[in-house]
Amino acid sequence: MDSQSCVKITNEWDIVAARQLGRNVAKELGFGTVDQARITTAISELARNIYLYAGHGQICIEKLFDGGKKGVRIIALDDGPGINDLRKVMEDGYSTSGGLGAGLPGVKRLMDEFNVESVPGEGTDIRATKWLR
Amino acid sequence: MDSQSCVKITNEWDIVAARQLGRNVAKELGFGTVDQARITTAISELARNIYLYAGHGQICIEKLFDGGKKGVRIIALDDGPGINDLRKVMEDGYSTSGGLGAGLPGVKRLMDEFNVESVPGEGTDIRATKWLR
Amino acid sequence: MNFRELMDSKYKEIIEHYLNEQDEKALYLGQKFSRKSIEHHVSPEEIISLHKSVMLEMEPNIPHHVLHAFDILLEVMIGYGFAYREHQSLRSKQQELNNEIDIASNMQQTLLGTSIPAVEGLDIAAVSVPAKKMNGDYYHFVQDENDSVSVAIADVIGKGIPAALCMSMIKYAMDSLPEYRNEPNAVLESLNRVVEQNVDASMFITMFYGVYNSHKHLFSYSSAGHEPGFFYNAHAGHFEDLDAKGLLLGVDKKAKYRQYERRVEVGDMIILLSDGVTECRTEEGFIEREDLVELISQHKHLTSDEIVTNVYKELEKLQHFELRDDFTLIIIKRIS
Amino acid sequence: MNFRELMDSKYKEIIEHYLNEQDEKALYLGQKFSRKSIEHHVSPEEIISLHKSVMLEMEPNIPHHVLHAFDILLEVMIGYGFAYREHQSLRSKQQELNNEIDIASNMQQTLLGTSIPAVEGLDIAAVSVPAKKMNGDYYHFVQDENDSVSVAIADVIGKGIPAALCMSMIKYAMDSLPEYRNEPNAVLESLNRVVEQNVDASMFITMFYGVYNSHKHLFSYSSAGHEPGFFYNAHAGHFEDLDAKGLLLGVDKKAKYRQYERRVEVGDMIILLSDGVTECRTEEGFIEREDLVELISQHKHLTSDEIVTNVYKELEKLQHFELRDDFTLIIIKRIS
Ligand SMILES: [Mn+2]
Ligand SMILES: [Mn+2]
Ligand SMILES: [Mn+2]
Ligand SMILES: [Mn+2]
């Protein structure tokens, strides 16, 4: 049985709410502090992308129970401008800022699974999952 | 008036002695803890190169007083096999190990000035300086 | 005032905020601080030193064990600082190299550029996308005064820069043999000699060369070990392999090539491709040639241009936008 | 047992050692630990978490302010972990790209390879070193049946991969014009048309082309905007510029080139070079052409091979082994 809760992202402080939601879920599922911080950072990055580039959208956090495995999935949805060249965006060193802004490839590396779908002009749907080990 | 003291490098614990000498001089000259640690790390790297690749050699630490400026110079000398292709060795990502082993380009970045001279079959002379700011 | 001057007090503020409220906002501010400090090339050992001094200031009675232990943490973090500085340098090097490769790939496009022939009765389209920036696939059309269309499609075994360099050679070699352009086997034999002579022994090239005679509607072709194309027989309503035997270019300088012929009726299609199309790997394993035929078949009522574009887009998505090999697909459709 | 399982107890040991002795040895062990943890891809936020838990274990009464403050440090370090992971990925990408470029540069050497002509009475040598891995300079010798030696030296404006790609083109173009190989101006005019037609408008090439008639000991040459060479007049004991006027290749397809001639006596030297030799930048500014002449002059009694090697080594050292431009130096010395 999977459960899901969402936070609307329209201003910067909604990023904090999304982080809080994600951290609570991660803690509840039994993730350690380092993984909690990593999951929270991934949420932060995705929420920030929505806030900066799409204007508004939402972050949903899903608890996953798959057989004996437990995990958390972050879903970031927006109906913003979408991503034109996905191949380019997923390239390392593409983003200009040095660190956290490194964007999607960085988020992908923080998590276990990562999927992005985007239609230019219609929006973007990003899903990232981390499993408890 | 510049003064200089040296440590012979023939076994791994000589690396510690060279570090200690460098740290003392750096502290005495007034370098902060972060810079002390950086200078010590640079010494450690150079001493380790001597220990691993030349077998023996020496590390000298020189106090520099140039007008109002104070600084420390590390001199690493050996009569080992020398470096065949200096251009290659100074390239980033050339060394195979990931971090500290990153070798000379890393030492160069830790210090303010860096010079290497090497004659294959005769030995290597590396000088690296850091100025107190 | 710049960030470096402010960072001490800023960091202290965040810590104080957190210790008072223990809330997520302070942690978020911590993340923003991190972004800023990286932007300003503050290295991780400086962060440790900063943390230690803020602790000492806030808690003058901090147990001296806890205080001194920071020295070890700092020492360990210096190693990470090493990697971090190398990262910054690699990043700018990478960008420089990327720029170079962009320029080179533009040059390559200019050099290898070909235009789709406009011939009465034929609908021709091609798509060619490199897996990396430089293309190791190559295709070329030439339309002669009698409305014969010759088409070449080639693939260097290998990808990236070396493959691209090799392809430029093929292009020059092709430019200098116009006499027997209409005899596929002679073209391949001649190119084979050039490749054998000029290219590193470890590099091989596969090539398919065909000539479409648009008066007789006869397609003659030869292949040097190239991925077989397809022939869509409109009357029978099915796809057949465009089989042709022949050794790769560059293996044996005396290699001979056989020439094949095929009559083309209205509605028929000639489909040429590189192995990057059929060896497209998805989560469920490789795409089979039958899957590809199925995909083309779904779109066969469209124009050649729409077919190649749709097939490319669907295969690109199946591979999560990571092409594993250069991708080239050409369709020649007889429409009247 | 692997490092990750041991690292907690190992780190605790180092801290304990340090707190007891406060000596340099413990700090050195900290550095070694750092090297190991980086080797095992432990990220910096894990180090913070490890440090925090060791502190809590060793000092159960640690002030809770100090303990909680580690949460902020961890949060900040996550950002560095981001950069650190990108570093690892960039490093492997860089290595892949380096491999590709190595292969391409070997190919280039095979493709552009030329051998030094062995002609009675002449001592010829050349050195050509790319600033990066791919060479945007090019030189080529051809020795004909009458012991005429033709020499070409060219430089693409630009470096690296695009320049190398461009140079391959020049090589193919040169291969396909053997008829008037002995007329420098005709060679340049013909190459100019090829470059103008095939190369991106932003790419230009400078070229010097000369033919040494070893019966008449007459050197005829033309230049397309190339760095002037030198002529060493042994009798007068001085060096002169080998001036020649002419537009760069690729600017104007109708460009015409003037041809110059020079008699060569025993002991005279023809010195050809690319601007990478004269624009060698040292700490004291650029090398002047006079400095270069001085350097060559010091070695002029040696063989051509020794001269070019010595000059290269000295200029390489002056630039701290970082060439800013491709470097090519050719010497043709009449010895009898
Ligand atoms: Mn290929
Ligand atoms: Mn292929
Ligand atoms: Mn150049
Ligand atoms: Mn140049």
Side-chain angles (χ1 to χ4, degrees), chain C residues 14-15 18-19 22 26-27 30-31 33-35 37-38 44 47-48 51 54-55 58-59 61-63 65-66 68-69 71-73 75-80 83-84 86-87 90-91 93-94 97 100-101 103-104 106-108 110-111 160-162 164-166 168-169 172 176 198-200 203, chain D residues 14-15 18-19 22 26-27 30-31 33-35 37-38 44 47-48 51 54-55 58-59 61-63 65-66 68-69 71-73 75-80 83-84 86-87 90-91 93-94 97 100-101 103-104 106-108 110-111 160-162 164-166 168-169 172 176 198-200 203:
Chain C
I14 295 172
I15 296 255
Y18 183 68
L19 294 179
Q22 301 244 0
L27 292 166
Q31 189 196 19
F33 178 85
S34 173
R35 193 194 301 278
S37 62
I38 287 173
I47 300 287
I48 302 301
H51 186 84
V54 168
M55 285 300 97
M58 291 179 62
E59 198 80 49
N61 297 320
I62 184 170
H65 269 32
V66 174
H68 292 313
D71 295 350
I72 295 287
L73 185 58
E75 191 70 35
V76 171
M77 221 37 90
I78 290 258
Y80 285 86
Y84 170 74
E86 188 182 81
H87 174 230
L90 278 182
R91 226 174 189 275
K93 217 178 209 164
Q94 183 90 1
L97 221 48
E100 264 188 37
I101 293 176
I103 298 172
N106 280 339
M107 268 184 63
Q108 200 198 15
T110 312
L111 285 174
I161 304 164
L165 209 64
C166 195
S168 322
M169 193 203 59
Y172 296 115
S176 47
N198 282 288
V199 179
D200 190 287
M203 278 248 164
Chain D
I14 295 172
I15 296 254
Y18 182 67
L19 295 180
Q22 300 244 1
L27 293 166
Q31 190 197 19
F33 178 86
S34 174
R35 192 195 301 277
S37 63
I38 288 172
I47 300 287
I48 302 301
H51 187 83
V54 168
M55 285 300 97
M58 290 178 62
E59 197 81 49
N61 297 319
I62 183 170
H65 270 34
V66 175
H68 291 314
D71 295 351
I72 294 288
L73 185 58
E75 190 71 34
V76 171
M77 220 38 89
I78 290 260
Y80 285 87
Y84 171 73
E86 189 183 80
H87 174 231
L90 279 182
R91 226 174 191 273
K93 216 179 210 164
Q94 183 90 3
L97 222 48
E100 263 188 38
I101 294 176
I103 297 172
N106 279 339
M107 270 186 61
Q108 200 198 15
T110 312
L111 285 174
I161 304 165
L165 209 62
C166 195
S168 320
M169 194 203 59
Y172 296 114
S176 47
N198 282 288
V199 179
D200 189 288
M203 278 249 164

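Below, chains carry the letters A, B, ... as their sequence lines are ordered, and counting in each starts from 1. On a predicted model such as this, the values are computed, not experimentally measured, just so you know.
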Taking all non-hydrogen atoms of both residues into account, name the closest pair between C/L27 and D/D71 and its distance.
CD2-O, 3.9 Å
Report the residues that fulfil ring pair (Phe, Tyr, Trp, His ring centres under 6.0 Å) with C/Y18, sequence neighbours left out, ordered by chain and then residue number.
none
In terms of heavy-atom pairs under 4.5 Å, which option from C/I14, C/L73, C/I103 contacts chain D the most?
C/L73
Do you know which of C/L97, C/I62, C/V54, C/N61 has the most heavy-atom pairs under 4.5 Å to chain D?
C/L97
Only counting residues at least two apart or in another chain, list the ones meeting side chain to side chain contact (heavy atoms under 4.5 Å, CB included) with D/L19.
C/H65, C/H68, D/I15, D/M58
Gap between atom NE2 of D/H51 and atom NE2 of C/H51 - 0.5 Å precision:
8.0 Å
Compare every heavy atom of D/S34 with every heavy atom of C/V76, then report the nearest pair and how far apart it is.
O-OG, 2.8 Å
Chain D heavy atoms under 4.5 Å from C/Y80: which part of the residue, side chain, backbone, both or neither?
both
How about C/L90 and D/R91: do any of their side-chain heavy atoms sit closer than 4.5 Å?
yes
Counting heavy-atom pairs under 4.5 Å with chain D, the top scorer among C/I72, C/I47, C/I101, C/I48 is C/I72
On a heavy-atom basis, which atom in D/V66 and which in C/M55 lie closest, and how many Å separate them?
CA-SD, 3.8 Å
Applying a strict 4.5 Å limit to non-hydrogen atoms, the region of C/E59 in contact with chain D is side chain
